[in-house]
Amino acid sequence: MPTPETEPERAPGPGGGRFAVVDPATGEAFDEAPDMRPDDLDAVIGRAHRAWSGWRADPATRSTALRAAADAVEEAGDDLARLLTREQGKPLSESSAEVARTSARLRHFADLTPRTRTIDDGRPVHSEIRWRSLGPVAAIVPWNFPLQLAAAKFAPALAAGNTVVVKPSPYTPLATRMLGSLLAAVLPEDVLTVVTGREPLGARLASHPGIRHVTFTGSVSTGREVARAASASLARVTLELGGNDAALLLDDADVEKIADRLFWAAFRNCGQVCMAVKRLYVPTRLHADVVEALAQRAKTVAVGPGLDPVTQLGPLNNAAQLARVERLTRQALADGARAAAGGHRQDGPGYFFAPTVLADVPPDSPVVTGEQFGPVLPVLPYRSLDEAVDAANGTGFGLGGSVWGTDLDRAEAVAERLECGTAWVNHHAELSLAQPFAGVKDSGVGVAGGPWGLYGNLRPFVVHRPREA
């Protein structure tokens, strides 16, 4: 949850009941969203609790409703994508892909059901493990993938028989509100509710005694606050807390063959991806070639407003994030780094930062050790593979990582040494709806994705009975 100093300003009006939503391509407000008072959550969560009893009772009805929800998202895809680009900034093609993934996730979880398991341990009883839903779930969603990450939270929760209250970031509330309206038309009343507002709305939602599971994506510091808030009612928590993913090039890597994939693994969505490549470790003899290949792409990529069809890279989402990226880059340059491309804000309106490739970066620079979450990639040389693996594992993050080379068996053996939740070979940040997604260390608690995401929204219920004579 952003701090009040970095949140959108309230729009003028009596009671301050709405706040402005800014187009990051212009830096100007273009719409408003309701600013719910934290006390109003009591009524919302009360209705979600009452809706839970009917929703949890009929798995077949849930599956049918979730398929209808997927259809509704697909039918409104163009309008959702344009609104998403307007408030988030990403190119329209990427917004359309995000809408498609939102629909696909609903359809995927519509077909997943928990399995009853019989325990046979030699005792004269018949024991079954069945599964029960938890109750109202809070889904607190960031601004980088508002629809996709909302669906990653509410689709498994709904499929498991829970009801959900979704709170999007105040930077990107509009497309999520539209999504909520679409789904409200096909789901039973109060099964899914979208609430918008600035802090302390999110804090109150996380700590509300009527919430039984809090699922959050955001920063490590805010994730700790969410966990503390949820502990008051002993609610379950699932926290995806960002990453500082390292990519390691091996000495047999074909630089030109992989340069495009490497570039977009770092710069897609303007680098605002939790599992983007945020550090690149390269053998010393390949370092200059890699820097040049990535810098050439950074200098020629089409940067502009997301609604412009030629745009490949949009703006950063908000002024606070632009200031952070600029601060980290300036510090790296002051410490001796060299900008092979970019290194500065772009002229003109909006929150644009030139795609930046940094060489000669001190390994202890905050742009290396932290999470820049922007279009800035430090490229660091290494002399030995052990040195590179130690450096890749040497932060508090552990979301993802990747290894790039021609010998796939060797690359996989190196990937096995990475301390992260997912490791890729010769690609990065490619996920299946059927696989688990989780981080280690400061990158998170709990598991999302596939059946693991479904069971994360359920609790076991064991029934014993005597065996028949």
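Keep in mind that what you see is a predicted model, and the values were worked out from it rather than measured. Each residue takes its place number in the sequence, starting with 1.
Side-chain contact between Val367 and Leu358: present, with at least one pair of heavy atoms (C-beta onward) separated by less than 4.5 Å. Residues Arg105 and Leu433 have side chains in contact (heavy-atom distance under 4.5 Å, counting atoms from C-beta outward). Looking at heavy atoms from C-beta onward, Arg101 lies in side-chain contact with Phe145 at the 4.5 angstrom threshold. Two residues are said to be in side-chain contact when any heavy atoms from C-beta on lie closer than 4.5 Å; Phe154 and Val194 fail this criterion. The shortest distance between side-chain heavy atoms of Arg236 and Leu134 falls below 4.5 Å. The side-chain heavy atoms of Asn318 and Pro24, taken from C-beta on, include no pair separated by under 4.5 Å.
Annotation: side chain to side chain contact (heavy atoms under 4.5 Å, CB included) contacts of Glu75 (sequence neighbours excluded): Asp71. Qualifying ring pair (Phe, Tyr, Trp, His ring centres under 6.0 Å) partners for His213, counting only residues two or more places apart in sequence or in other chains: none. Every side chain to side chain contact (heavy atoms under 4.5 Å, CB included) that Ala319 has, sequence neighbours left out, goes to Tyr351. Qualifying side chain to side chain contact (heavy atoms under 4.5 Å, CB included) partners for His428, counting only residues two or more places apart in sequence or in other chains: Asp245, Ala265, Val277, Ser402, Trp404, Trp424. Applying the salt bridge (charged side-chain N to carboxylate O under 4.0 Å, His left out) test to Glu292 and every residue at least two apart in sequence or in another chain returns nothing. Not counting sequence neighbours, the partners of Phe267 by the ring pair (Phe, Tyr, Trp, His ring centres under 6.0 Å) test are Phe263. The salt bridge (charged side-chain N to carboxylate O under 4.0 Å, His left out) test applied to Arg212 returns no partner, not counting sequence neighbours. For the ring pair (Phe, Tyr, Trp, His ring centres under 6.0 Å) test, residues two or more places apart in sequence or in another chain that qualify with Trp131 are Tyr455. Applying the ring pair (Phe, Tyr, Trp, His ring centres under 6.0 Å) rule to Trp52 yields the partners His49; only residues at least two apart in sequence or on another chain are considered. A search for salt bridge (charged side-chain N to carboxylate O under 4.0 Å, His left out) contacts involving Arg261 returns nothing, not counting sequence neighbours. Residues that satisfy the side chain to side chain contact (heavy atoms under 4.5 Å, CB included) test with Pro146, not counting sequence neighbours, are Leu84, Gln88, Glu98, Thr172, Thr176.
Of the possible donor and acceptor atoms, none in the side chain of Asp58 sits under 3.5 Å from a partner among the backbone N and O of Gly54. Side chain of Glu416 to main chain of Leu418: no donor-acceptor pair is present (N/O by atom type, distance under 3.5 Å, no hydrogens or angles). A side-chain donor-acceptor contact under 3.5 Å links Ser432 to the backbone of Ala434. Listed for the Glu87 side chain is a donor-acceptor partner under 3.5 Å among the backbone atoms of Leu174. Judged by distance alone, with hydrogens and angles left aside, the side-chain atoms of Arg62 form a donor-acceptor pair with the main-chain N or O of Trp55 at under 3.5 Å. Put simply, the side chain of Thr395 gets close to the backbone of Phe397: a donor and an acceptor are under 3.5 Å apart. Remark: the backbone N or O of Gly202 is paired with a side-chain donor or acceptor of Glu199 at under 3.5 angstrom. In terms of modelled atom types and a separation under 3.5 Å, the side chain of Asn162 and the main chain of Pro136 share no donor-acceptor contact. Not one N or O on the side chain of Arg345 forms a donor-acceptor pair closer than 3.5 Å with the backbone of Phe352. Judged by distance alone, with hydrogens and angles left aside, the side-chain atoms of Asn269 form no donor-acceptor pair with the main-chain N or O of Gly271 at under 3.5 Å.
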Can I get a per-line list of side-chain donor-acceptor pairs under 3.5 Å for residues 368-375, giving both atom names and the distance, sequence neighbours left out?
from   : atom 1 : to     : atom 2 : distance (Å)
Thr369 : OG1    : Ser365 : O      : 3.4
Glu371 : OE2    : Gly243 : N      : 3.2
Gln372 : NE2    : Lys278 : O      : 3.1
Gln372 : NE2    : Val376 : O      : 2.7

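For the residue pair Leu149 and Pro142, the shortest heavy atom distance occurs at CD1-CG, 3.5 Å. Taking every heavy atom of both residues into account, Pro34 and Thr196 meet most closely at O-OG1, 2.6 Å. Across every non-hydrogen atom of Ala235 and Val214, the tightest pair is CB-CG2, 4.5 Å. Considering all non-hydrogen atoms of both residues, Gly396 and Lys441 come closest at O-CB, 3.1 Å.
With rounding to the nearest 0.5 angstrom, the CE atom of Met275 is 10.5 Å from the OG atom of Ser443. Put simply, CD on Glu430 and OG1 on Thr422 are 12.0 Å apart, with the number rounded to the nearest 0.5 Å. For the atom pair CE (Met178) and CG (Leu183), the distance works out to 11.0 Å, reported to the nearest 0.5 Å. Taking CZ of Arg56 as the start and CG of Leu158 as the end, the distance is 15.0 Å to the nearest 0.5 Å. The NE2 atom of His108 sits 9.0 Å away from the CG atom of Leu454 when rounded to the nearest 0.5 Å. Rounding to the nearest 0.5 Å gives a distance of 8.5 Å between CG of Leu201 and CD1 of Ile140.
Around the CG atom of Asp78, the shell of radius 6.0 Å holds no more than 12 heavy atoms that belong to other residues, nucleotides or ligands. Other residues, nucleotides and ligands place more than 12 heavy atoms under 6.0 Å from the CD atom of Gln435. Around CG of Asp111, the count of heavy atoms belonging to other residues, nucleotides or ligands within 6.0 Å exceeds 12. Residue Glu412 places its CD atom among 12 or fewer non-hydrogen atoms of other residues, nucleotides or ligands, all under 6.0 Å distant.
Salt bridge present: Arg297 and Asp260 bring a charged side-chain N and a carboxylate O closer than 4.0 Å. With salt bridges taken as basic N to acidic carboxylate O contacts below 4.0 Å, none links Asp31 and Arg177.
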request  = Dump the intermediate steps for salt bridge (charged side-chain N to carboxylate O under 4.0 Å, His left out) on Asp23 and Arg86, then the final yes or no.
outcome  = CA-CA 6 Å; Asp23 182 341; Arg86 192 78 191 277; 2.9 Å; yes
ask   = Between Arg268 and Glu94, is a salt bridge (charged side-chain N to carboxylate O under 4.0 Å, His left out) present by the stated rule, with each step listed?
value = CA-CA 9 Å; Arg268 184 171 68 93; Glu94 292 187 22; 5.1 Å; no
task = Decide side-chain hydrogen bond (donor to acceptor under 3.5 Å, both in side chains) for Lys257 and Thr406; before the verdict, give the C-alpha distance in whole Å, the side-chain angles of both, and the deciding distance to 0.1 Å.
result = CA-CA 10 Å; Lys257 185 176 181 180; Thr406 302; over 6 Å; no
message = Could you walk me through whether Thr102 and Gln148 satisfy the side-chain hydrogen bond (donor to acceptor under 3.5 Å, both in side chains) test, starting with their C-alpha distance in whole Å, then the side-chain angles of each, then the deciding distance to 0.1 Å, before giving a yes or no?
response = CA-CA 5 Å; Thr102 300; Gln148 182 178 334; over 6 Å; no
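Looking only at atom types and distance, the side chain of Ser219 has a donor-acceptor partner in the side chain of Thr222 under 3.5 Å away. Thr85 and Ser95 are linked by a side-chain donor-acceptor pair at a separation below 3.5 angstrom, with hydrogens and angles left out of the test. Of the N and O atoms on the side chains of Thr217 and Lys153, at least one donor lies less than 3.5 Å from an acceptor on the other residue.
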